[in-house]
Asker: 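Handing you this structure, nothing more for now.
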Amino acid sequence: MMMIKRQGDDERFSGQKPKLTRPVDARRIAKLFLPYWRQELVILSCILAAAVLGLAPAVLSKHILDVSLAHRNPQGLATDVALMIGAALVVALCGVAQGFFNSVVGQGIMRDLRIGLVSHLFAMPISFFTSTKTGKIMNRVTSDVDNVESVVTVTLSSVLTNAVIIVSAVVAMLAISWKLALVALVVLPLMVAPLLPVGKRMYTVKKATREKRDEMQGITQEALSISGITLVKSFVRAAFEGERYARLAGDLMKAEISLAMVGRWFMGLINAMVTVGPAIVWLAGGFLFLRGEISIGTVVAFVALLARLYGPASQLVGVQVQVVSALAVFERIFEYLDLVREPSGSRRMTAATGAVAFDNVNFSYVPERPALRDVNLTIEPGQVAALVGPSGAGKTTLTHLVSRFYDPQSGRVTIDGVDVREFDVESLRSHIGIVTQETYLFHDTIEANLRYARDGASHAEIEAAARAANLLTFIESLPDGFATVVGERGHKLSGGERQRLAIARVLLKNPQILILDEATSSLDSENEALIQAAFEKVMRGRTSLVIAHRLSTIVSADVIFVVDGGRIVESGKHADLLARDGAYAQLYRTQFERGTSPAPEREREVVAANGPPMMKMKMRPAG
């Protein structure tokens, strides 16, 4: 079967690669716990108390055998048993308290990681998102953080608990019989020796499984979105996508099996030592007892203590392997947290008149493929500036530089004479409104989507914006009015309704600079007329950059810039550009021959009767 190769993440757009700037070590992970040091002190206290009280059964067993029973003392026996029971109850209470505070710390760290990761991603430049699949990003935010949870809430606590239990058990053993203690400790190196190679192997396999999950998440995110599933169904590619997903699922299954089998022989050896160790101690203890060097109570107590040595040791070894493999997940999270944020200046834009200028600007998305070359242009405050030219000429890129989605490699873009790189990026964009051909709406109500522009807007202001965008009558005709849910990406609304909602949203934002990127190119004539009428209201008193392929819609612009091959090849008013008989006139004639623009004579008749199809009146600065 012929396979279709999809364009890779890096083949078209350049962007940041997730890369650690600092190694993932114990100190870096420990910083996650610092805000919860009080809870950690409580956890440590519970662990210490439980470890010490956990010695009670072994120590009291020795006392029962060697003292209470040997001297036939029922009161002493009752006291020993009561102390055993009391110690067990306190240990249980400590376990409950430890579990509660473990959850507080663990869930708090998970919350901090999620918030920090998402906040950091919101601060990333556009180039990062154009070079990274959405599914991969979502997998890091959700699945990876979830995988760290067990390490934070269970594993690290288990490490500390088992370590304290082992230390307390060794101290007790040495106090009871140093000879038997040495015998018991001989087995431990056999349990620890193979630890490092097993941990490394598990780290490698774990990282591979996470990468496979990334790829699977990417497929589901793309193919099962509303746009993706429409494409899949329209091209009858469901079988292809299913086969591609099945192939990755099979690869993931093999990786998970490999992960499950890593160190199985090692864990088997550890489990064997848990039985072999006590057997050796029974042998050595029996000989010492027969020789009269120790009491039978000492042997029994020692065997009881072995459970507090080998059991925690085996768990500690297994946990260490889990920690090593979890570092692969920590590394993926820290890779994203180490990404360089979107650059931002320190100067706040408190007001804007809307003067826009490009000064010898050069820009490229990828090296050796310039998108803009030596661009110089000036747009006065309140002017309507049209950007025209063939597809891929660089029109949208010009608007991206104004809103600072990207920065030029050389030259500068200014607003009101100030380089946009000097402005705080959020304050800069608060003065810019953008309406694109593809309107994005959230799966929420009409009012919520409008209020996204200005959260504190009153309902009266929202209604006024909808009325100005010729949308209010439509909204009021709906059963739920402004409470109507628009569906995924707004697909419950028509293209014209979505576009007018986008215009209303921009009106509510009330920016001084307006960018209209092919905002009517895919609409029918009725919707286009409604939206053009709404645009007239939107553009009054604002500096507007209008990208349009249909030249009939921008004949009354204050200035038209013709973009070709990343350069400004012509600029001027519509009539002047036609008179020059250059690139603009050629574009105009081409559209006329295709029937997409009126002939000059017909155009003059239309203008005389009704005004031009769009922007009938000259847009000048307010006041």
Side-chain angles (χ1 to χ4, degrees), residues 6-35 106 108-153 155-156 199-222 248 251-252 255-256 258-259 262 320-344 365-366 405-406:
R6 291 192 173 181
Q7 196 168 41
D9 291 341
D10 318 314
E11 293 177 25
R12 188 173 176 197
F13 298 106
S14 63
Q16 290 190 62
K17 290 289 187 188
K19 185 178 180 181
L20 289 170
T21 59
R22 290 180 293 149
V24 179
D25 54 19
R27 288 177 299 175
R28 190 164 188 188
I29 296 174
K31 287 183 179 179
L32 299 172
F33 291 82
L34 284 180
I109 290 174
M110 291 305 97
R111 177 200 61 195
D112 297 343
L113 272 178
R114 291 188 180 104
I115 293 172
L117 194 54
V118 170
S119 299
H120 193 82
L121 287 170
F122 277 131
M124 293 302 298
I126 293 292
S127 58
F128 168 73
F129 297 96
T130 59
S131 62
T132 310
K133 287 183 179 179
T134 303
K136 287 188 175 183
I137 297 174
M138 296 302 297
N139 207 30
R140 304 249 177 157
V141 173
T142 55
S143 181
D144 282 351
V145 175
D146 288 342
N147 272 272
V148 170
E149 182 175 4
S150 62
V151 178
V152 173
T153 58
T155 305
L156 296 181
K200 285 183 176 179
R201 173 61 181 161
M202 186 167 282
Y203 171 85
T204 303
V205 177
K206 186 76 172 179
K207 193 169 184 179
T209 61
R210 300 309 306 163
E211 290 170 356
K212 289 296 179 186
R213 289 182 185 277
D214 273 354
E215 292 184 56
M216 293 176 68
Q217 184 80 1
I219 291 176
T220 55
Q221 186 76 27
E222 286 183 335
L248 282 173
D251 291 342
L252 177 63
E256 291 286 6
S258 177
L259 180 64
V262 169
Q320 200 274 348
V321 173
Q322 294 173 25
V323 170
V324 171
S325 66
L327 286 177
V329 182
F330 272 115
E331 182 177 300
R332 287 163 54 82
I333 294 173
F334 287 132
E335 278 177 353
Y336 269 31
L337 290 174
D338 286 352
L339 289 169
V340 179
R341 289 170 175 258
E342 185 176 34
S344 180
Y365 292 102
V366 293
F405 290 152
Y406 299 91

Asker: Rounded to the nearest 0.5 Å, how far does CD1 of I137 lie from CE of M124?
Answerer: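 M124 atom CE to I137 atom CD1 measures 9.0 Å (nearest 0.5 Å).
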Asker: Holding to salt bridge (Lys or Arg N to Asp or Glu O under 4.0 Å), I want the full list of residues that pass it with R111, two or more places apart in sequence or in another chain.
Answerer: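 In terms of salt bridge (Lys or Arg N to Asp or Glu O under 4.0 Å), with neighbours along the sequence ignored, R111 is linked to no residue.
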Asker: CD1 of I333 to CZ of R114: how many Å apart, nearest 0.5 Å?
Answerer: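 CZ of R114 is found 9.5 Å from CD1 of I333.
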Asker: Name all residues meeting the salt bridge (Lys or Arg N to Asp or Glu O under 4.0 Å) criterion together with D251; count only those two or more places apart in sequence or in a different chain, and write none if there are none.
Answerer: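 Testing D251 for salt bridge (Lys or Arg N to Asp or Glu O under 4.0 Å), a comparison that skips the adjacent residues, returns K212.
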Asker: So, for H120 and R341, which heavy atoms are closest and what is the spacing to 0.1 Å?
Answerer: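 So the two residues come closest at ND1-NE, 3.4 Å.
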Asker: Considering residues at least two apart in sequence or located in another chain, which fulfil the side-chain contact (heavy atoms from CB on, under 4.5 Å) criterion with S119?
Answerer: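 Here the qualifying residues are I115.
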Asker: For the atom pair CG (L113) and OH (Y336), what is the distance rounded to the nearest 0.5 Å?
Answerer: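 These two atoms lie 15.0 Å from each other.
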Asker: Quick one: closest heavy-atom pair of L252 and M216, and the distance?
Answerer: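 It is CD2-SD, 3.5 Å.
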Asker: Would you mind reporting whether L32 and D112 have side-chain heavy atoms less than 4.5 Å apart?
Answerer: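 Answer no - side chains too far apart.
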Asker: Taking the six-membered ring for Trp, are F405 and F129 ring centroids under 6.0 Å apart?
Answerer: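 Distance test on ring centres: not under 6.0 Å, no.
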Asker: Tell me, do S127 and Y406 make a side-chain contact under 4.5 Å, heavy atoms counted?
Answerer: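 SC-SC contact between S127 and Y406 confirmed.
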Asker: Mind listing the closest non-hydrogen atom pair of V141 and L117 along with its distance?
Answerer: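 Closest approach of V141 to L117: CA-CD2, 3.8 Å.
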